[in-house]
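What follows is a set of notes on a single structure, which appears directly below.
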Amino acid sequence: MIETFHDYINGEWVPAASGRTTANINPADTRDVIGYYAASGPEDARRAAEAAEAALPGWRALAGPQRAKYLEQAASLMESRLEEIARTLTREEGKTLMESRGETARGVALLRYYAGECWRACGEVIPASSPRALMFTRREPLGVVAAITPWNFPVAIPLWKIAPALAFGNTVVFKPAALTPAVAVKIAEVFEAAGLPKGVFNLLTGSGGEVGQALVGHPAVKGVSFTGSNAVGQKIGAWAVQQGIKFQLEMGGKNPVIVAADADLDQAVDLTVSGAMRSAGQKCTATSRAIVVEPALDEFIDRVVRRVQNLPVGPGTDEAAYLGPLASEPQMRSVLDYIQSGADEGAEMLCGGVRLQGGLYDRGFYVQPTVFAGVSPRMKIAREEIFGPVLAVLPAADLDEAIHIANGVPYGLSASLFTRDLGAALQYIARIEAGMVRVNGETAGVELQAPFGGMKSSSSHSREQGRAAIEFFTEIKTISLEPAGDGK
Ligand code: NAP
Ligand code: MG
């Protein structure tokens, strides 16, 4: 018997107003239906926004340390369900269990970190022109905040929005990706069990196309934090501008590694392969381009291809798998189209390039890890986000040209340089157009205690996580307090 799951609105589990549901399918084995999830529509968005609005006065009136207790409780509850949540994540999204466990543990850490933020100072005293005045700032919540998130990190990304939103006194409506409602329901169960007052946190599953505009456009919603594609992000930004509300968009990437002639090639090969192929390349910070300075080129390509050819691909539950399937059939089709475009534009395909077939592969969306060499910066595979296990290798004459190529795309999320030369590293740090800059590290990976976000079209130029989250999830009031009369 396959279970049906509801939205969580105003502290209750309720079916979508339309009564409709959609099936959630395991991308590693499409015979496995995880459950039927509420297909929410505009009416549900309205109810959720109103529930969050009604809960706001009580929630924002709590002292920070009082709100901290709920987040601490949620962290403990989530930790106690870590294995179950990680298994659900792998089952609905496809990444390996090791990655799902790591991501769920990060979710727990995010809840703890923002429980801590509830205790910290959030304002400052500023010297006023008049010696009689006390001038200071107060950080106030925005109000009701919508969190709209993608499927590729369905635990960590929602929590790095929801936890700070709640910590700073906002109430939340959460719209997860349609592909990953199961872990979203578990996140809601955790907040419910932590005893959050009704309406403080609400969950709407279903399609963004159905609920997105009704949610962002609802007059109670005062902020929207979005992570996903540029196409959808642009729409959300435009609606937010129309409504005059605050918005934050984290979007695509085309992340390069630069391999200098003096790089430690063991390290460069290892971290390029894991950056490109872990999670089947479906990370916003995945390595998509390797820009290699000529003397290192042949050996780098040779070693990368030898590694990539031997990467085990299989269901995420198989402990031996390095990468799992792509998250959905459309995602797989889109990746295969990019691979075709690389071949059509004359790049040299050195390994992979096809959908894996036979046996268990026929039941899921598996693509062979793929490496292209001889890629020129004009090719589509060198410019557009692929979001799959595909690496494009581009030659460069020297570091200067490599940085120029790296910067020659509209995106600017993450980048890495492999070198032993401190001068080269400093030059690259100053010139690279990326929000997340690494030297001798992997492009992928995020530290929850540090600001995260992209430059150029990768982001709306705000930052998430760490202490930076306060900038989005609060608004500043500047207060000047003076004695009545002449103050004597
Ligand atoms: P997406 O299609 O843009 O979807 C993101 C979210 O927006 C989903 O919840 C989606 O709902 C919703 N949505 C879709 N259409 C909408 C609309 N008209 N109004 C309101 N919401 C709408 O992105 P995705 O395919 O899930 O994720 C992949 C993308 O995310 C990639 O571009 C990747 O680079 C980016 N990403 C960026 C970061 C970062 O931090 N920079 C991190 C991870 C991923 P549905 O699922 O129902 O369509
Ligand atoms: Mg699914």
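All values below were derived from every heavy atom in this structure, side-chain atoms included, with hydrogens, water molecules and symmetry-related copies excluded. Counting convention: from 1, in listed order, for ligands and their atoms alike.
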Hey, which atoms in ligand 1 end up nearer than 4.0 Å to a heavy atom of [X]?
X      : answer
Phe452 : 40 (O)
Ala177 : 8 (C), 9 (O), 46 (O)
Cys284 : 34 (O), 36 (N), 37 (C), 38 (C), 39 (C), 40 (O), 41 (N), 42 (C), 43 (C), 44 (C)
Ile157 : 42 (C), 43 (C)
Gly212 : 19 (N), 20 (C)
Phe226 : 3 (O), 5 (C), 6 (C), 7 (O)
Ile236 : 20 (C), 21 (N)
Ile148 : 6 (C), 7 (O), 9 (O), 12 (C), 21 (N)

Which protein non-hydrogen atom lies closest to [atom], naming both residue and atom, and how far is it?
atom                    : value
atom 41 (N) of ligand 1 : Met251 O, 2.8 Å
atom 24 (P) of ligand 1 : Trp151 NE1, 3.4 Å
atom 27 (O) of ligand 1 : Pro150 CB, 3.3 Å
atom 10 (C) of ligand 1 : Lys175 NZ, 3.9 Å

If you compare all heavy atoms of [X] against all heavy atoms of [Y], which two are closest, and at what distance to 0.1 Å?
X      : Y      : answer
Leu323 : Pro389 : CD1-CB, 3.9 Å
Gly223 : Leu142 : CA-CD1, 4.2 Å
Leu326 : Pro27  : O-CB, 3.3 Å
Ser457 : Pro410 : OG-O, 2.9 Å
Glu103 : Pro154 : OE2-N, 3.1 Å

Quiz item: Does some non-hydrogen atom of Phe174 fall short of 4.0 Å from ligand 1?
Solution: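 Heavy atoms of Phe174 never come under 4.0 Å of ligand 1.
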Quiz item: Any heavy atom of Gly454 sitting closer than 4.0 Å to ligand 1?
Solution: no
[X]-ligand 1 polar pair, N/O distance under 3.5 Å:
X      : value
Ser229 : yes
Glu385 : yes
Ser458 : no
Gln213 : no
Phe387 : no
Leu413 : no

Taking the ring centre of each residue, are [X] and [Y] less than 6.0 Å apart?
X      : Y      : value
Phe387 : Trp151 : yes
Phe201 : Phe191 : yes
Trp59  : Tyr70  : yes

Quiz item: Taking atom NE2 of His461 as the centre, does the number of heavy atoms from other residues, nucleotides or ligands within less than 6.0 Å exceed 12?
Solution: yes
Quiz item: Would you find more than 12 non-hydrogen atoms of other residues, nucleotides or ligands less than 6.0 Å from Glu43 atom CD?
Solution: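 More than 12 within 6.0 Å, yes.
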Self-check item: Cation-pi geometry met for Arg278 and Tyr322 (6.0 Å, 45°)
Solution: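 Ring-cation test returns yes.
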Practice problem: Could you tell me whether Lys95 sits above the aromatic face of Phe153, with NZ or CZ closer than 6.0 angstrom to the six-membered ring centre and within 45 degrees of the axis? | Solution: yes
Is it the side chain, the backbone, both or neither of [X] that has a heavy atom closer than 4.0 Å to ligand 1?
X      : answer
Trp239 : side chain
Thr149 : backbone
Ser459 : neither

Exercise. Please indicate, with yes or no, if any protein heavy atom is found under 4.0 Å from atom 45 (P) of ligand 1?
Key: yes
Quiz item: Out of Ala147, Pro154, Gly228, Gly206, who gets a non-hydrogen atom closest to atom 35 (C) of ligand 1?
Solution: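 Among Ala147, Pro154, Gly228, Gly206, the closest heavy atom to atom 35 (C) of ligand 1 belongs to Gly228.
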Exercise. For atom 19 (N) of ligand 1, state which one of Pro158, Ala286, Gly208 supplies the nearest heavy atom.
Key: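 Nearest heavy atom to atom 19 (N) of ligand 1 lies in Gly208.
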Quiz item: Which residue, Glu385, Arg333, Lys380, Glu384, forms the side chain to side chain donor-acceptor pair (under 3.5 Å) with Tyr338?
Solution: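 For Tyr338, the side chain to side chain donor-acceptor pair (under 3.5 Å) test succeeds with only one of Glu385, Arg333, Lys380, Glu384, which is Glu384.
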Quiz item: Can you tell which of Leu311, Thr370, Val313 makes a side-chain contact (heavy atoms from CB on, under 4.5 Å) with Met277?
Solution: Leu311
Quiz item: Is the shortest side-chain N to carboxylate O distance from Arg139 to Glu471 below 4.0 Å?
Solution: yes
